[in-house]
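Since the structure comes first, as structure tokens, the remarks are kept for the end.
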Amino acid sequence: MRVSLKKSPESAGPSPETPCRPWARRTVDVHEWNDVVRRIASGGADLVSLWSDGDAVFLACAEPSEKALRLLSLPCPEGRFPSVARLHPPALRLERTICDLHGLESDGLPDRRRWLDHGRWGVRHPLGDAAPLDTPRDDYKFLPAEGAPLHQIPVGPVHAGIIEPGHFRFSANGEIVVRLEERFGYVHKGIDALMRGAAIDAAAKIAARVSGDSTATYSLAFAQAVEAALGVEPPPRAIWLRALIAELERLANHFGDIGAICNDAAFSLMLAQCGVIRERLLRASAICFGHRLMMDRIVPGGVTHDLSDENAASLRALLEWIRLMTPRLIRLFGDTTSLQDRTVGTGYLNPELARQYACGGFVGRASGRAFDARRAIGYAPYDALSFELGASTDGDVDARVWVRFDEVRASMTIIEQILDRLPHGAIRVDAAAAGAPREGVALVEGFRGDIFVWLRIGADGAILRAHLRDPSWFQWPLLEAAIKGNIVADFPLCNKSFNCSYSGHDL
């Protein structure tokens, strides 16, 4: 879904020739801001993202009855704004991040601890004095857990495997987890600052590297936001090739996740079988598009690599093989009693929490929230394709695996339709900026869930500001809820069933 916004907040709709639907950012006062926040808190709308450019705070939300987003901005001339999290807890980490990155004061913020800033940035901070850069201290206070006998188990931020850094503080009664509290920010990269002043092509490369396993869908979201801002329409063939690239990425990640989840339950056979499929998908991606992860293949204006008839035929052959393998893996997963003993009932996520946090992807769909940006918001070519979404209300590790299997089947169906109907023609048009500064927004479906991108482009073609929101922002807090009442040994299994992104979260 793409929307175009001119700099003027009150007349921000696209010009008549712009190929995306009219829609605008609207500047509001404190009273209207609070009205929208109360509507979100009551369940009348979903929070999509919350961010700042230093001068104003922005809020994007989705109305359940509309296939569109609403974007509001609230000027902060005095460096403060009314807290969203005081009424709607899912905004808490995003709000603390605004305080970290821009030094704004959030009135009524229920948790005033830093989030991405670990006290080492040496900048003025509204939540407390910053330590000098040469003073190595970290006085972060984890929340207490009451009751006896309880003990704490700190895990990370450095882990035994090759995963990224994140700290997990368990409060446990014996083996039973009473509370889990997460702390992140260890792989903060300063994405907004890196993009500021960058040319569009250079910023596109930064977007592709926000979260390495979602490089294609981040590139797609960034490209759609640029095209919305500039009123650019990619060629039809490019639009369909983008969907093909996104679905190949989705397939590879889902097979990798299914295998890794089973491996965390000591069932390494599934890891080996799924690993073979994932490797063949990555090799096919390299052959078809020149890169195993298809990095930098989706760009503003189109794609950089075309698909030859020979490579299309090889993809069809690979899909046919995967269709033969998938039922075998489904039987292996469903019929292995020891595996079901570990996954069924483990890591239960309440559907009401999934709804409150507007949780997307397989995590949300496994807990009854059937949101998929390809269909709920809609963007080409998915509006012309037929596919079924995975769905469950069981909310446990087992459900999150079965929803992944459903998505595997859906992606194969989508790829077959794309190969059957792929139009001929050009694969890229110029996406150069001209005229007044413009803003653009996009929401696309990655393998984890919906990825949101907002950006402002200057008249010279440079990025003035950007905000990229990973689905993990609304999934990591739910992992804390899902592990409660489970044994400590089941945390790796629960964690992998969510498979949230550290890098995508830390910005």
Side-chain angles (χ1 to χ4, degrees), residues 162-164 187-192 194-195 198-227 234-235 237-257 275 277-308 311-312 314-315 318 361 379 411 414-415 418 427-429 431 442 444-453 455 463 466 468-472 499-507:
I162 60 172
I163 63 173
E164 295 171 279
V187 284
H188 173 66
K189 304 166 289 298
I191 296 297
D192 181 24
L194 288 172
M195 285 194 174
I200 290 175
D201 289 346
K205 292 183 180 293
I206 297 172
R209 288 154 179 81
V210 169
S211 185
D213 54 10
S214 302
T215 177
T217 38
Y218 264 102
S219 294
L220 176 58
F222 180 83
Q224 286 193 5
V226 169
E227 291 154 7
R237 184 173 178 87
I239 292 174
W240 286 70
L241 286 174
R242 286 174 168 184
L244 174 61
I245 290 171
E247 296 308 317
L248 288 173
E249 178 179 80
R250 195 183 320 276
L251 273 179
N253 281 312
H254 282 329
F255 276 114
D257 279 0
I277 299 176
R278 179 176 184 273
E279 177 60 25
R280 289 193 61 174
L281 283 164
L282 295 178
R283 292 184 183 185
S285 299
I287 292 171
C288 294
F289 298 104
H291 194 285
R292 285 168 61 87
L293 301 180
M294 298 170 289
M295 188 172 284
D296 304 324
R297 272 39 187 175
I298 298 176
V299 295
V303 294
T304 61
H305 286 60
D306 205 349
L307 181 69
S308 68
N311 287 337
S314 68
L315 280 180
L318 177 58
Y379 53 94
S411 289
I414 290 171
I415 291 173
I418 292 173
I427 62 170
R428 189 176 183 182
V429 297
V444 307
E445 187 73 14
F447 89 97
R448 282 191 181 90
D450 46 294
I451 294 172
F452 176 80
V453 172
L455 51 84
I463 303 296
L468 296 83
R469 193 271 296 151
D470 192 86
S472 299
N499 189 22
C500 302
S501 173
Y502 297 81
S503 182
H505 170 280
D506 285 353
L507 299 173

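Positions are given from 1 along the sequence.
Between Lys189 and Glu164, no side-chain nitrogen of the basic residue sits less than 4.0 Å from a carboxylate oxygen of the acidic one, so the salt-bridge criterion is not met.
Side-chain atoms of Arg237 and Arg428, non-hydrogen and from C-beta on, never get closer than 4.5 Å to each other. Under the 4.5 Å side-chain criterion, counting only non-hydrogen atoms from C-beta, Phe222 is in contact with Met195. Put simply, the side chain of Ile451 does not reach to within 4.5 Å of the side chain of Leu468, judged on heavy atoms. Side-chain atoms of Leu507 and Asp192, non-hydrogen and from C-beta on, never get closer than 4.5 Å to each other. Taking 4.5 Å as the limit, some side-chain heavy atom of Leu244 sits within range of a side-chain heavy atom of Leu315.
With Trp240 as the fixed residue, the side chain to side chain contact (heavy atoms under 4.5 Å, CB included) test singles out one of Ile245, Ile427, Ile418: Ile418. Of the residues Asp213, Asp470, Thr217, the one that meets the side chain to side chain donor-acceptor pair (under 3.5 Å) test with Arg448 is Asp213.
The ring pair (Phe, Tyr, Trp, His ring centres under 6.0 Å) test applied to Phe452 returns Trp51, not counting sequence neighbours. The ring pair (Phe, Tyr, Trp, His ring centres under 6.0 Å) test applied to His305 returns no partner, not counting sequence neighbours.
Panel note: side chain Tyr218, backbone Val453; no donor-acceptor pair is recorded below 3.5 Å. No donor-acceptor pair under 3.5 Å is formed between the side chain of Glu249 and the backbone N or O of Phe447. When atom types are taken as modelled, the side chain of Ser503 and the backbone of Ser211 share no donor-acceptor pair closer than 3.5 angstrom. Panel note: side chain Gln224, backbone Ala442; no donor-acceptor pair is recorded below 3.5 Å. The closest donor-acceptor contact from the side chain of Arg250 to the backbone of Gly446 lies under 3.5 Å.
Once rounded to the nearest 0.5 Å, the distance linking CD1 of Ile287 with CG of Leu307 reads 11.5 Å. The distance from the OG atom of Ser285 to the CE atom of Met294 is 3.5 Å, given to the nearest 0.5 Å.
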Just distance, no hydrogens or angles: give the donor-acceptor pairs under 3.5 Å from side chains in residues 296-303, sequence neighbours left out.
residue, atom, partner, partner atom, Å
Asp296, OD1, Arg209, NH1, 2.9
Asp296, OD2, Arg209, NH1, 3.4
Asp296, OD2, Arg209, NH2, 2.8
Arg297, NE, Phe289, O, 2.7
Arg297, NH1, Met295, O, 3.0
Arg297, NH2, Gly290, O, 3.1

